[in-house]
Amino acid sequence: TASTVASAELNRRARAVMPGGNSRTAVYSSPYPIYVRYGHGARVVDVDGTERLDFLNNSTALIHGHAHPTIVRAVAEAAARGTSFGMPTETEVAFAEALTARNETFEHVRFTSTGTEAVMMAVQAARAHTLRPKLAKIAGAYHGAYDATAINNDGSGSLITHATLGIPAGVSDNTVIIPFNDPEGALEVLGRHAGELAAILIDPLPWRIGLVPASAEYLAALRGFCDEHDVVLISDEVGSFRIGMGGAIAEFGYAADLTVLGKVIAGGMPIGAVTGRRDVMAVFDPSAGSPPLPHSGSYNANPVSMSAGLASLALLTSDEMDRINGLGADVRDRMRQILADHTPGGWTVNGNGSLFRVLGPNATGADGRPVNAVNLLSRALLRHGVHIGDSGLGCVSTAMEPDDVDAFARAFTAAADDVRACLAQ
Ligand SMILES: Cc1ncc(COP(=O)(O)O)c(/C=N\OC[C@H]2NC(=O)[C@@H](CON)NC2=O)c1O
């Protein structure tokens with residue numbers, strides 16, 4: 001097993017100055033995370049010098065892998081001209097044109113620095129447009145750190161409202177929870193709040209619930225309800241936009257009123273975007289005096305993120321999307337076969353396009369205690385030179401070739417054998 005001494009020492013220093021030594025819950029790992037020294041293409045090298053294949057790609061944001069030369073050049077050239085200004089730049093206009101060209105429902109767009117902020121502004125825009133208070137969201141779906149959505153966002157399908165600690169009733173009372181992929185169940189809940197709902201917020205491929213696509217019947221039911229009651233349908237595609245040239249809900253044959261974007265659209269630089277119907281986006285328009293919904297942010301549309309975005313979208317051609325979606329299907333099939341051949345069963349591999357998520361059984365360890373089989377698998381993969389999320393999330397990047405999928409499969413086979421050895425026979 002590769003040394004992690006340098007990571008342990010860095011974490012000791014980190015704990016002295018940060019809660020748990022951590023700035024991002026998703027990156028925390030016990031007893032300590034592995035610290036990265038640098039990444040290149042499909043690989044990352046840690047502070048102890050160990051190189052691994054990166055199939056997590058910063059929770060799927062790095063669709064072009066690490067330090068892609070075109071993106072590095074775009075970022076460096078933009079930074080050399082100044083990293084941010086109190087005035088707009090041409091790159092903001094060019095990136096807005098490139099992004100809105102990808103889907104005819106993207107009539108107007110507005111930039112933020114994170115997906116969380118874009119979700120927040122989409123919900124606020126829907127409330128300002130409808131003057132209604134309530135937001136409906138899918139039980140278990142994650143939409144970032146905005147408190148109105150940090151309710152029932154932990155992957156459990158429970159309709160019982162459970163909010164992140166400290167969220168006041170004044171917030172959680174306005175968030176309505178609907179079941180996923182249950183048209184009748186969702187319409188029953190929505191019907192009880194029809195006149196008070198500003199928006200229905202969905203992730204068409206909610207990864208915390210297992211990266212299972214929304215069904216056509218479910219999307220049709222929500223679309224129909226929104227049309228009937230003038231409710232804004234918001235498709236949060238921070239993670240799922242990458243499955244098709246126009247995004248996820250378009251791939252599934254439906255249209256949202258607002259779409260929230262992030263991650264891949266800037267290929268590794270901080271980014272978020274709200275895009276959609278011109279009449280709803282009009283709440284942000286300051287040209288008629290003060291806008292109904294003012295919205296600022298020190299780095300909104302900063303030229304470095306905008307330049308990275310132009311480069312990332314230019315690299316995300318239809319051929320490249322087809323290629324990585326093909327590699328994604330191959331990697332999902334390989335994992336299913338390996339798990340079937342090398343473990344006692346109970347595993348599922350889900351995903352669309354270049355995304356995957358491995359779900360495992362509630363297993364018992366050799367010591368008779370319950371173990372999280374997916375966590376065991378992700379740790380075993382780290383020992384065999386591959387990084388995926390500790391919840392089984394992962395993706396293929398455009399920096400990958402079939403040889404990388406072969407190398408992944410070899411490591412996955414060895415990791416599956418390790419997991420089997422850890423489980424009660
Ligand atoms: C559908 C969706 N909506 C909004 C966001 C928030 O965007 P952000 O502020 O740019 O992170 C996200 C952000 N990231 O989702 C994955 C994220 N959520 C998590 O719970 C952990 C998973 O760790 N295993 N890691 C993560 O990075 C999202 O997926």
Side-chain angles (χ1 to χ4, degrees), residues 22-30 33-34 54-63 111-123 135 137-156 164 180 199-214 234-243 247-249 256 258-275 297 299-300 302 305 308-309 312 350-353 355-360 372 374-375 377-379 381-382 387-395:
N22 173 262
S23 276
R24 181 176 166 200
T25 306
V27 171
Y28 180 78
S29 177
S30 172
I34 289 175
D54 186 0
F55 272 76
L56 180 58
N57 286 298
N58 184 24
S59 284
T60 77
L62 294 162
I63 194 161
F111 296 110
T112 62
S113 294
T114 63
T116 289
E117 291 167 270
V119 167
M120 182 169 72
M121 296 323 296
V123 171
L135 161 71
K137 74 174 285 290
I138 294 169
Y142 177 79
H143 296 282
Y146 176 37
D147 61 2
T149 67
I151 293 160
N152 290 63
N153 68 347
D154 59 359
S156 75
T164 304
F180 179 59
I200 300 176
L201 172 66
I202 65 168
D203 176 346
L205 190 63
W207 72 272
R208 275 224 175 140
I209 316 180
L211 211 62
V212 172
I234 304 172
S235 183
D236 177 352
E237 303 196 8
V238 169
S240 57
F241 179 69
R242 63 189 285 153
I243 70 168
I249 196 168
L258 293 181
T259 301
V260 172
L261 302 172
K263 291 184 190 272
V264 302
I265 64 168
M269 285 304 293
I271 194 70
V274 190
T275 184
Y299 299 104
N300 290 1
N302 75 78
S305 291
S312 183
N350 294 326
N352 284 52
L355 293 166
F356 65 77
R357 183 164 180 204
V358 186
L359 300 171
N372 178 328
V374 171
N375 194 282
L377 179 71
S378 67
R379 290 171 182 275
L381 278 167
L382 275 181
H387 185 207
I388 70 168
D390 57 10
S391 57
L393 181 69
C395 65

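In this text the structure is predicted, and so the values were computed from the model without any measurement. Counting convention: from 1, in listed order, for ligands and their atoms alike.
Closest protein heavy atom to atom 3 (N) of ligand 1: Asp236 OD2, 2.7 Å. What sits closest to atom 23 (O) of ligand 1 on the protein, heavy atoms only, is Ala26 CB, 3.6 Å. Of the protein's non-hydrogen atoms, the one nearest atom 24 (N) of ligand 1 is Ser391 OG, 3.1 Å.
For ligand 1, the atoms lying closer than 4.0 Å to a non-hydrogen atom of Lys263 are 13 (C), 14 (N), 15 (O), 16 (C), 27 (O). Set against the non-hydrogen atoms of Arg24, the atoms of ligand 1 under 4.0 Å away are 27 (O). Listed by number with element, the atoms of ligand 1 under 4.0 Å from a non-hydrogen atom of Ser59 are 25 (N), 26 (C), 27 (O).
Judged by distance alone, with hydrogens and angles left aside, the side-chain atoms of Arg242 form no donor-acceptor pair with the main-chain N or O of Lys263 at under 3.5 Å. Under a 3.5 Å cut-off, the side chain of Asn58 and the backbone N or O of Ala61 do not form any donor-acceptor pair. A donor-acceptor pair under 3.5 Å is absent between the side-chain atoms of Thr116 and the main chain of Gly144, judged by distance alone. Put simply, the side chain of Thr149 never gets that close to the backbone of Tyr142: no donor and acceptor are under 3.5 Å apart. At distances below 3.5 Å, not a single donor-acceptor pair connects side-chain atoms of Glu237 with backbone N or O atoms of Leu261. Lys137 places a side-chain N or O within donor-acceptor distance of the main-chain N or O of Ile151, the cut-off being under 3.5 Å.
When heavy-atom distances to ligand 1 are checked against a 4.0 Å cut-off, Val238 comes that close only through its side chain, counted from C-beta outward. Looking at Asp390 against ligand 1, only its side chain comes within 4.0 Å, counting heavy atoms. At a heavy-atom distance under 4.0 Å, only side-chain atoms of Arg208, from C-beta outward, approach ligand 1.
Within the structure, the closest approach of Leu393 to ligand 1 does not fall below 4.0 Å when heavy atoms are considered. The closest approach between a heavy atom of Glu117 and any atom of ligand 1 is not below 4.0 Å. Heavy atoms of Glu237 come nearer than 4.0 angstrom to ligand 1 in no pair at all.
Here's the thing with Asp203: none of its N/O atoms is less than 3.5 angstrom from an N/O atom of ligand 1. Of the polar atoms of Gly115, at least one N or O is found under 3.5 Å from an N or O of ligand 1, judged by distance alone.
Closest to atom 5 (C) of ligand 1 by heavy atom, among Ser113, Gly155, Gly144, is Gly144. In the candidate list Trp207, Tyr142, Phe241, Tyr142 is nearest to atom 1 (C) of ligand 1, counting heavy atoms.
With a 4.5 Å cut-off on side-chain heavy atoms, Ile138 and Asp203 do not count as touching.
A donor atom on one side chain and an acceptor atom on the other are found under 3.5 Å apart for Thr114 and Glu117.
Less than 4.0 angstrom separates atom 11 (O) of ligand 1 from none of the non-hydrogen atoms of the protein.
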